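Right, one structure below, let's go through it.
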Number of protein chains: 2
Amino acid sequence: MENFKEFIIEGRDAFVPCLSLDCVIFGFHSGQLKILLLKMRYDELWALPGGFVYKDEDVDAAAARILRERTGIKDIFLQQLHVFGDPNRSDSKRNKNILEKDGFENGQGDWLTERFITVGYYALVDFSKVELAIDYSSEICEWQDLTSIPSLIMDHSCILKTALERLRKEINYQPIGLNLLPAKFTMPELQSLYEAILGKKLDRRNFQRRMLGYGLVNRLTETRKGGAHKAPYLYTFNNEKYKQALEEGLQGGW
Amino acid sequence: MENFKEFIIEGRDAFVPCLSLDCVIFGFHSGQLKILLLKMRYDELWALPGGFVYKDEDVDAAAARILRERTGIKDIFLQQLHVFGDPNRSDSKRNKNILEKDGFENGQGDWLTERFITVGYYALVDFSKVELAIDYSSEICEWQDLTSIPSLIMDHSCILKTALERLRKEINYQPIGLNLLPAKFTMPELQSLYEAILGKKLDRRNFQRRMLGYGLVNRLTETRKGGAHKAPYLYTFNNEKYKQALEEGLQGGW
DNA sequence: TCAAAAGTGTTTTCTTTACACCCATGG
DNA sequence: CCATGGGTGTAAAGAAAACACTTTTGA
């Protein structure tokens, strides 16, 4: 399916009917939490990256495939968020309009105007590793600041809101950062990530004590030079302990 | 759809294709956590109560309907659990066998042998209010002890396991009990519910202090008489505070 | 040399845990 | 009258929060 026409014609038989996936992809750059959004053709609305499940494909695997196609990243932190199943969540009129504008007739794309149930996912990715790719249904694919999200199609704002709430909740019980930060990072950077997610300031000293206490990060002898002021140490995550913590959970809230 | 034949014939057009719902329904009785299971016809396997989503129906509303039909309870605590989307999770052979044994031919029930994606839900209900109803695809509907669950069809054991893990996790952040206990209950009963969910013993005194500290329960002047030994006080939940706690969350783990 | 950011430790407060005694009831 | 379960409080340990000074660096 290399182009939109193929997608429309073959999609009816290739995909599980009435089911879509939408992904809230979080990234972190220069102290800001970002979200990957697509600008839709024919109007001013944006959308979460999404797609469909092939008839023989695992649902979670489909979400991973969609993310990979879009960001180029293979090992991605990806979690189911919620099923959005309101019968009125789809915008049939809008979809019909797009199909007409693209010259589809005789109900070729009718499968797309059905009521769709979507599985929302959320993903955490290393901003610096992402290579964005646009596809046939969008004209722009870019990172948007969490603090200035444009209008989104259908119920995508709701999905985004749910994802952010989930992330803010999970940060209390799960280690966060391995997937959002580059391999080497400083403690202030990690703290700034936490502050961006939580939307509030944290105490530098208590933050560091807690992080070191978890034993999830290793301090390197290197420091991050080049900034004005004292050079902070670089850290890496301890992958084994991180994985373990993902399974067993952490404790204590922020 | 009052009988199985109608269900098979009309189901194809009435339901969202390839999508099912399955519910893990928890109840609590005489110190034991129970789960509602259905005995399937034609073999020794049991199943979680489940169903399908009408084409015009909200997914969560469908889950509530299925629970209502099965237990007679209207206001139910019901939460999405997870989407189970392995393409091999369905057991097409088994379903075909059942259709054949029931005398369906010419592919009348073929829609049922497709690959299905299921949305797992979990529900907490007041054991004493439930009035069980069997349906056309099962011969027995009954509460089973969590400690002695029989073999289940397809991936239902996995769904059950996920639900129990979720419940054990949520008990740390959410109030639990309003939906599982009768209107009036004693503190030892509430504690016994927590112990059944967590699978471990808790300290009587610390448990009570914490529960009272949350302010979610009101002590009545009544006591539960009739038991041997000292009569324990009865409590009720404070519905407003309980709802509030459900939204805002509690803190502290068990 | 100084402003701004980073490193480090201690005190206080609160939360959680552990633990023991008295009371009421039915058998 | 006594065995059993239910009610209550307190002391100790551990976790979280508050807080100040010193070090490094580039401008």
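Chain A is the first sequence line, chain B the second, and so forth, proteins listed ahead of strands; every chain is numbered from 1. Keep in mind the model is a prediction, meaning the values are calculated, not measured.
Atom OH in A:Tyr214 sits about 11 Å away from atom P in D:dA15, given to the nearest Å. If you take CZ of B:Arg224 and C1' of C:dT25, they are 16 Å apart, rounded to a whole angstrom. We find that CG of B:Leu234 is positioned 13 Å from C1' of D:dG6, with the value rounded to whole Å. As a whole-Å value, the separation of A:Lys201 NZ from D:dA18 P is 16 Å. Between the P atom of C:dT8 and the OH atom of A:Tyr233 lies a distance of 6 Å, rounded to the nearest Å. Taking atom CZ of B:Phe207 as the reference point, atom P of C:dT15 lies 19 Å away to the nearest angstrom. One atom, CE of B:Met187, and another, P of D:dG7, lie 8 Å apart when rounded to the nearest Å. In this structure, A:Glu189 atom CD and C:dA5 atom C1' are separated by 13 Å, rounded to whole Å.
The nearest pair of heavy atoms linking A:Asp22 to A:Gly50 is OD1-CA, 3.8 Å. Considering all non-hydrogen atoms of both residues, A:Lys74 and A:Arg68 come closest at CG-CD, 3.8 Å. Looking at every heavy atom in both residues, B:Leu132 comes nearest to B:Leu36 through CD2-CD1, 3.4 Å.
Mapped onto DNA chain D by nearest heavy atom, B:Asn206 and B:Pro188 fall at different nucleotides, with B:Pro188 at the one closer to the 5' end. Along DNA chain D, the nucleotide nearest to B:Thr186 and the one nearest to A:Gly227 differ in position, and the one closer to the 5' end is contacted by B:Thr186.
A:Tyr242 pairs with exactly one of A:Tyr214, A:Phe77, A:Phe237 by the ring-ring contact (aromatic ring centres under 6.0 Å, His included) rule, that one being A:Phe237.
Taking only distance into account, the side chain of B:Arg204 never meets the base of D:dG5 through a donor-acceptor pair shorter than 3.5 Å. In the interface, the side chain of B:Arg205 is paired with the base of C:dA20 through a donor and an acceptor atom under 3.5 Å apart. Between the base of C:dA4 and the side chain of A:His229 there is a donor-acceptor pair shorter than 3.5 Å.
Taking the centre and axis of the six-membered ring of B:Phe84, the NZ or CZ atom of B:Arg89 falls outside the cone set by 45° and 6.0 Å.
The side chain of B:Lys230 approaches D:dG7 more closely than any other nucleotide in the set D:dC19, D:dG7, C:dA5. For B:Arg209, taking side-chain heavy atoms from C-beta onward, the closest of the listed nucleotides D:dT8, D:dT10, C:dA5 is D:dT10.
Listed pair B:Arg219 / D:dT8 meets the phosphate criterion, a side-chain N or O lying under 4.0 Å from OP1 or OP2.
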